[in-house]
Number of protein chains: 2
Amino acid sequence: MSERLPPLTALRAFDAAARHMSFAKAAEELNVTPAALSFQIKSLEEHLGAPLFRRLNRAVELTEAGMALAPGAKDGFRALSAAWQQTRRVLDTTSLTVTAGPALTAKWLAPRLYDFARSHPEIDLRFSATLRNVDLQRDGVDVAIRFGYGSDEGLVSLPARAEWLTPVMTPDLCAQFPTPESLRAAPLIYDDSISFLSPPCDWPAWFKAMGLEFTPGSGTHFSNADHAIDAACAGLGVALGRRPMIIKDVQEGRLVAPFKTAIETEARFRFLCLPASAERPQIKAFREWFFAEIEKTAHMWDDFDIIPVQTL
Amino acid sequence: MSERLPPLTALRAFDAAARHMSFAKAAEELNVTPAALSFQIKSLEEHLGAPLFRRLNRAVELTEAGMALAPGAKDGFRALSAAWQQTRRVLDTTSLTVTAGPALTAKWLAPRLYDFARSHPEIDLRFSATLRNVDLQRDGVDVAIRFGYGSDEGLVSLPARAEWLTPVMTPDLCAQFPTPESLRAAPLIYDDSISFLSPPCDWPAWFKAMGLEFTPGSGTHFSNADHAIDAACAGLGVALGRRPMIIKDVQEGRLVAPFKTAIETEARFRFLCLPASAERPQIKAFREWFFAEIEKTAHMWDDFDIIPVQTL
DNA sequence: TCTTCACACAAGTAATACTTAATTGAAGGC
DNA sequence: GCCTTCAATTAAGTATTACTTGTGTGAAGA
């Protein structure tokens, strides 16, 4: 093995050409003329002592050697590029991009974010509500708040408080169904966004926790947790609401949570960021605000019986 | 984020400097003068708009930004380097480096390799017997033959025939201990190199397979399988031998395997190579020879009862 | 205090990368 | 079958980048 590495510009030219399978497109990506790119590839092939591309009529294809080089080159440059982007981001102490699911955004984050923005006017806050599990590195997102059991390989992952569910409804509806037993006759609202939980955290689980027989009947299903809660606010029925989703509506009297029993799941919200970003000032500020904000309302549920769903 | 990537030579200079934490040593690695390297780092810092190193009296240390960049840069260049080396190796159709454990080498491979070398005179064969699990990519090894249950992430892994164990001893000793029952009084040889197997494949397991009571007494222990077999050849006692380890000595009459019952483990020998190497001619030739060689002697054990150890 | 060590700077030079412009060679429309 | 178009190549000239030599600076250690 003569040397550790060939000329890097030539290698980058090869990477672009292999990804596009076209010298012209690769040249465009690198902002050079096709001639320059052709020359780079040629010089790399001379360096190696064998062709990397087979030149066809109006296309190119990789040789054996090219096929051996292409994936590693792609990975290598991707790693370098990611590292560089991350370095640029570390230097940026003003902007902060946060992503979270639509339900948490609507019911918990959005009403509170104004408070954060006001106490940190130097931070340029950008927000992206999506269900898609974004790639922090690739998508230029600094912080993600995600719900689930969490397998956050390679990320800093800080779990929030335990998550549990309790029935909520309008005060009017509560007058009609004042007891857990009577609830079985009430119109029930199902939140399908947490149907992935195992063991399940749904109406059957809650009734079981109360020691009540329950045969699932019909009910209204919503794919988003915030829609389920909104439906409950509108008096459509009784929803099984998660702590962060119901807190605002309960505080402001639109909903009541009359039965002081909740079922707890092991799934939680987690605060996620890249390790290299964990101590950046704006991220530290957001993290501290986020967890402080959760603690602020923790006392509200002191009189609840919390029953872990896996013990049912 | 202005551009995708900074000048690559500058980035490589940074990588070397960060790995050595010294501009002088980095310059030496890249075969340039310290001045050139210093200039490269400076240009990279200008590109970024912030310093990457903090210049101390007679040392340098990474800044926040430098610490963000260094690991990614290291990974990136390592990936590129590995890809390049692999590409060079793909072009080499003459040399072949094989590694295996000392026991398989002594008892199975070494006696047969001459045959392979003779029928492939064009291949420059290099052999490395070690227990260490070498990294094919890093250590420039083309093929590894390893024993175990196999978790060969990222490698082409071809399992050999099922592996089983049966008692072997010298003919003289066999006259003294002609039956499985009598074996309990015989001097037993233990091969500790397979003590990691689960469920265990040792003397208690074999006697259990025979339906015999057995209380483990003393015995001679060897850390290498080949030493255990050698001891059996010397008449020291009865060893529980694996198929590839005993075949030569049984064929040539030094040992006999009188009890036609063997215990089978799920662990096997695997033929391992890098995916990019799988179709290189010399590796293909070696692979085909290896598996054909195993088949050659498969008939020898046709009259054996093979009892999977996990059913015991 | 003097020496040594590690890096920085400046000027000049060597090497490399890139552009423009013309060329080849084959596919596809007419 | 001819012409057009497309993709890559080649050659010559130019711009840019990378490197060397030589000198300078500041601090640690003898």
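Note on naming: letters A, B, ... go to the chains in the order of the sequence lines (proteins, then strands), and numbering restarts at 1 for each one.
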Return a single string for nucleotides 25-30 of chain D, one symbol per nucleotide in 5' to 3' order, where B is base contact, S is sugar-phosphate-only contact and - is none, cutoff 4.0 angstrom on heavy atoms. --SB--

How would you list, by chain and number, every residue that makes a side-chain hydrogen bond (donor to acceptor under 3.5 Å, both in side chains) with B/Gln282, sequence neighbours excluded? none

Options D/dT9, C/dC18, D/dA8, nucleotide nearest the side-chain atoms of A/Gln40: C/dC18

Looking at B/Phe290 versus B/Trp108, is the centre-to-centre ring distance below 6.0 Å? yes

So for the helix from C/dT1-D/dA30 to C/dC30-D/dG1, with five pairs setting each end axis, what is the inter-axis angle to 10°? 30°

On DNA chain D, more 5' by nearest nucleotide between A/Lys42 and A/Ala59 is A/Ala59

Please work out which residues in residues 8-34 of chain B have a non-hydrogen atom less than 4.0 Å from an atom of DNA chain C and list them by number. B/Ser22, B/Phe23, B/Ala24

Rounded interatomic separation in angstrom, taking CD1 from B/Ile41 and P from C/dC9: 13 Å

Separation of D/dA7 P from A/Glu61 CD (nearest whole Å): 17 Å

The side-chain hydrogen bond (donor to acceptor under 3.5 Å, both in side chains) partners of B/Ser43 (sequence neighbours excluded) come to none

Write out all pairs satisfying salt bridge (charged side-chain N to carboxylate O under 4.0 Å, His left out) with one or both partners inside residues 123-138 of chain B, taking only residues at least two apart or from two chains. B/Asp124-B/Arg126, B/Arg132-B/Asp139, B/Asp135-B/Arg138

Between atom CG in A/Leu44 and atom P in D/dT9, what is the gap in whole Å? 13 Å

As a test of reading the structure: which of D/dA11, D/dG22, C/dC18 is closest to the side chain of B/Ala35, going by heavy atoms? D/dG22

Does D/dT9 have its OP1 or OP2 closer than 4.0 Å to a side-chain nitrogen or oxygen of A/Arg55? yes

Using atom CG of A/Leu37 as one end and atom C1' of C/dT19 as the other, report the distance to the nearest whole Å. 14 Å

According to side-chain hydrogen bond (donor to acceptor under 3.5 Å, both in side chains), who are the partners of A/Glu295, at least two apart in sequence or on a separate chain? A/Arg161

Of all pairs that satisfy side-chain hydrogen bond (donor to acceptor under 3.5 Å, both in side chains), the ones with a partner from residues 59-80 of chain B, not counting sequence neighbours: B/Arg54-B/Glu61

Please list, chain by chain and in numerical order, all residues satisfying ring pair (Phe, Tyr, Trp, His ring centres under 6.0 Å) with B/Phe147, sequence neighbours excluded. B/Phe269

Show every salt bridge (charged side-chain N to carboxylate O under 4.0 Å, His left out) that has at least one partner inside residues 20-33 of chain A, sequence neighbours left out. A/Arg19-A/Glu29

Rounded to whole Å, please give me the gap between CZ in B/Phe39 and P in C/dT13. 17 Å

With sequence neighbours left out, the residues meeting side-chain hydrogen bond (donor to acceptor under 3.5 Å, both in side chains) with B/Lys284 are none

Should the pair B/His47 and A/Trp84 be assigned to parallel (<30°), tilted (30 to 60°) or perpendicular (>60°) ring geometry? tilted

Residues passing the ring pair (Phe, Tyr, Trp, His ring centres under 6.0 Å) test with A/Phe116, sequence neighbours excluded, are A/His120, A/Phe286, A/Trp289

Taking atom P of C/dC7 as reference, at what distance in whole Å does atom CZ of B/Phe53 sit? 9 Å

